[in-house]
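Worksheet for the structure shown next.
What you are looking at is a predicted structure, and each value in this text was computed from that prediction instead of being measured.
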Amino acid sequence: MADFGGDLELEDFRAEARTWLEENFPAALKGKAALAMAMMEGLKPDGDLLAWKQRIGAKGWGTPTWPAEYGGGGLSPAQARVLQQEMAKAGAFNPLTFGMGVTMIGPTILDYGTEEQKKKHIPPIVRGDIRWCVGYSEPNAGSDLASLQMKAEDAGDHWKINGQKTWTSGAQWSQWCGALVRTDFSAKKHDGISFMLIDMNQAAIDPRPIALIAGASPFCETFFTDARAEKDALLGELNRGWTVGKRLLQHERASQTGAPSGARATPLQDIAKRYVGEDAQGRLADADLRTRLTRHLMDAKVHGLTLARAVAESKGASGATNAASVLKNSATNVAQTRAELTLEIMGGQGLGWDGASFSKDEIEAVRSWLGGKAMSIYGGSVEIQNNIISKRILGLPDSTHSA
């Protein structure tokens with residue numbers, strides 16, 4: 001197999017990537033990138049989708065810049081961009097792109113894990129063999145996450161875990177959970193927290209799906225009753241899990257960029273012209289909508305550029321940076337504005353729940369609009385992120401509710 005670690009010219013790599021995609025990406029999946037999100041929401045892949053997931057996982061290109069020694073692609077950032085471009089041209093998509101193992105847990109293990117933890121956990125994530133969830137929020141510890149009470153006690157040859165998590169995305173489908181737990185109740189609330197890698201395949205863990213207004217139920221409340229975690233489950237230092245947890249959130253927010261390669265949503269201006277119409281010059285007929293749509297497209301572009309800069313800067317950072325809070329709020333604004341503009345553009349056709357009189361895209365529009373409202377809360381509420389930005393970036397006086 002060719003070494004793409006940096007020795008080959010980009011155009012040589014481009015030709016190799018194009019050839020590999022032609023030979024391995026199933027033509028029947030072209031343009032069906034929504035299947036990647038469906039997998040995150042519980043779809044069990046089979047047929048062409050399963051074959052594609054296995055092929056890209058074995059190649060390591062589902063995690064293109066991860067170290068080759070753990071099964072990743074070992075590509076440079078420039079090569080990864082070329083791969084993304086070629087996938088987009090081919091109508092291909094990354095079936096692993098939305099998984100929490102790829103977007104959050106894996107990068108955090110690469111940051112803080114021991115060599116043994118990396119060898120154990122990274123290859124199955126790269127191949128897409130294992131699904132992960134994240135145990136952060138609790139009934140009384142959401143935005144003020146450091147108030148969490150789920151505890152892990154040293155039971156000699158293992159950790160004994162008791163407590164409850166809520167809004168645990170995908171817990172009902174996951175084999176592993178990366179969770180913040182309290183290991184020292186006598187310490188200050190930020191100092192007595194540890195990060196544990198917990199095997200979900202045990203009767204002592206009970207995930208219960210939470211029904212949502214948008215129709216899907218990716219979230220769970222998850223109960224741990226004398227659950228077990230092995231002694232090597234500790235990621236990072238004992239009672240220093242807050243730092244690990246913040247780094248994971250940075251990885252999460254860096255992944256909140258919208259659609260993956262080959263899964264670009266239909267340009268909003270095209271949707272607008274279809275429903276609202278064009279004037280004699282070929283412009284969107286509604287001038288006010290045209291102005292607001294332009295502003296939204298500019299915001300989306302700025303978000304993408306800011307994200308690219310933050311990702312580049314994070315490569316040399318030893319811990320979480322405050323840019324994550326800016327990106328979280330920016331991603332929320334862009335996604336929610338697009339959803340609201342889409343409903344406005346579609347008019348009455350954007351309010352259908354089901355039925356033959358509404359297209360699949362129209363039904364998805366209203367469900368996405370409803371589901372997207374949660375972005376203001378999950379992963380750290382907008383208000384908490386504003387607090388962090390004002391305190392740690394702008395240097396404004398502290399408030400009474402800091403993260």
- Could you walk me through whether I345 and L268 pass side chain to side chain contact (heavy atoms under 4.5 Å, CB included), step by step? CA-CA 9 Å; I345 288 166; L268 198 52; 4.1 Å; yes
- Task: Check step by step if salt bridge (Lys or Arg N to Asp or Glu O under 4.0 Å) holds for E69 and K118.
- Result: CA-CA 10 Å; E69 62 189 296; K118 293 174 184 177; over 6 Å; no
- Might you work through the salt bridge (Lys or Arg N to Asp or Glu O under 4.0 Å) test for R338 and E340, ending with a clear yes or no? CA-CA 6 Å; R338 178 187 168 93; E340 292 177 6; over 6 Å; no
- Task: Evaluate the side-chain hydrogen bond (donor to acceptor under 3.5 Å, both in side chains) criterion for residues R14 and Q85: first the C-alpha distance (whole Å), next the side-chain angles of each, then the deciding distance (0.1 Å), finally the verdict.
- Result: CA-CA 9 Å; R14 184 183 300 278; Q85 291 164 4; 3.0 Å; yes
- Message: Please determine whether salt bridge (Lys or Arg N to Asp or Glu O under 4.0 Å) holds for the pair K119 and E116, giving the CA-CA distance in whole Å, both sets of side-chain angles, and the decisive distance to 0.1 Å.
- Response: CA-CA 5 Å; K119 289 179 178 178; E116 290 74 19; over 6 Å; no
- side-chain hydrogen bond (donor to acceptor under 3.5 Å, both in side chains) assessment of S186 paired with D184: CA-CA 6 Å; S186 65; D184 186 351; 2.6 Å; yes
- Task: Go through the steps to decide whether E362 and Y275 satisfy the test side-chain hydrogen bond (donor to acceptor under 3.5 Å, both in side chains), and finish with yes or no.
- Result: CA-CA 11 Å; E362 290 166 348; Y275 283 87; 2.7 Å; yes
- Task: Check the pair D288, R292 against salt bridge (Lys or Arg N to Asp or Glu O under 4.0 Å), reporting the backbone distance first and the verdict last.
- Result: CA-CA 6 Å; D288 177 65; R292 289 183 288 120; 3.0 Å; yes
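Crowding of W66 atom CH2: a count of heavy atoms from other residues, nucleotides or ligands under 6.0 Å exceeding 12. By the 6.0 Å contact criterion, CG on N140 is open, its count of non-hydrogen atoms from other residues, nucleotides or ligands being 12 or less. For I213, the CD1 atom is loosely surrounded, since the number of other residues' heavy atoms within 6.0 Å does not exceed 12. More than 12 heavy atoms of other residues, nucleotides or ligands shown are found within 6.0 angstrom of NZ on K231. Taking a 6.0 Å sphere around CD of E237, one finds it holds 12 or fewer heavy atoms contributed by other residues, nucleotides or ligands. Within 6.0 Å of NZ in K373 there are more than 12 heavy atoms belonging to other residues, nucleotides or ligands.
Note that CG of L50 and CH2 of W52 are 13.0 Å apart. Values are rounded to the nearest 0.5 Å. Separation of atoms OG (S174) and CE (M100) is listed at 7.5 Å; rounding is to 0.5 Å. To the nearest 0.5 angstrom, I363 atom CD1 is 12.0 Å from L351 atom CG. Rounding to the nearest 0.5 Å places CZ of R131 at 11.5 Å from CG of L96. Taken to the nearest 0.5 Å, the CG atom of L49 stands 5.5 Å off from the CE atom of M39. Here the CD1 atom belonging to I125 is positioned 11.5 Å from the CE atom belonging to M104, to the nearest 0.5 angstrom.
For the pair T19 (side chain) and A15 (backbone), a donor-acceptor distance under 3.5 Å is present. N333 places no side-chain N or O within 3.5 Å of a backbone atom of N329 that could act as its donor or acceptor partner. For the pair N162 (side chain) and K151 (backbone), a donor-acceptor distance under 3.5 Å is absent. At distances below 3.5 Å, not a single donor-acceptor pair connects side-chain atoms of T97 with backbone N or O atoms of F93. With hydrogens and angles ignored, the 3.5 Å screen pairs a side-chain donor or acceptor of S194 with a backbone N or O of N239. A donor-acceptor pair under 3.5 Å links the side-chain atoms of R182 to the main chain of L148, judged by distance alone.
Residues D191 and W242 have side chains not in contact (no heavy-atom distance under 4.5 Å, counting atoms from C-beta outward). Within the 4.5 Å cutoff, side-chain heavy atoms of M200 are placed close to those of C133. Side-chain contact between M87 and K89 is absent, with no heavy-atom pair separated by less than 4.5 Å. The closest side-chain heavy-atom distance from M346 to V366 is not below 4.5 Å. Residues L396 and K391 have side chains not in contact (no heavy-atom distance under 4.5 Å, counting atoms from C-beta outward). The shortest side-chain heavy-atom distance between P95 and I56 falls under the 4.5 Å cut-off. Under the 4.5 Å side-chain criterion, counting only non-hydrogen atoms from C-beta, K165 is in contact with E138. Side-chain atoms of T243 and Y112, non-hydrogen and from C-beta on, do get closer than 4.5 Å to each other.
The shortest non-hydrogen separation linking L234 to Q117 is O-NE2, 2.9 Å. Q175 approaches D129 most closely through the heavy-atom pair OE1-O, 4.2 Å. Taking both residues in full, the closest heavy atoms of L197 and G178 are given as CD2-CA, 4.5 Å, listed atom of the first, atom of the second, then distance. Contact between T183 and I193 at its shortest, heavy atoms only, is OG1-C, 4.1 Å. Considering every non-hydrogen atom in both D48 and A28, the closest pair reads OD2-CB, 3.4 Å. Across W167 and S137, no two heavy atoms sit closer than the pair CD1-CB, 4.3 Å.
Side chains of Y70 and E115: a donor on one and an acceptor on the other come within 3.5 Å. Donor-acceptor pairing under 3.5 Å is lacking for the side chains of T332 and Q336. For the residue pair D111/H251, the side-chain donor-acceptor check at 3.5 Å is satisfied. A donor and an acceptor atom, one from each side chain of H296 and T337, are nowhere located under 3.5 Å apart.
In this structure, D286 does not pair ionically with R290, as no charged nitrogen and carboxylate oxygen lie closer than 4.0 Å. Here K273 does not pair with D279 in a salt bridge; the nearest charged N to carboxylate O distance is not below 4.0 Å.
In this structure, the ring of F13 has its center less than 6.0 angstrom from the ring center of W61.
For the pair R367 and W353, the cation-pi criterion (under 6.0 Å, within 45° of the ring axis) is fulfilled.
Under the side-chain contact (heavy atoms from CB on, under 4.5 Å) test applied with I105, the options L235, I130, I122, L248 reduce to a single match, L248.
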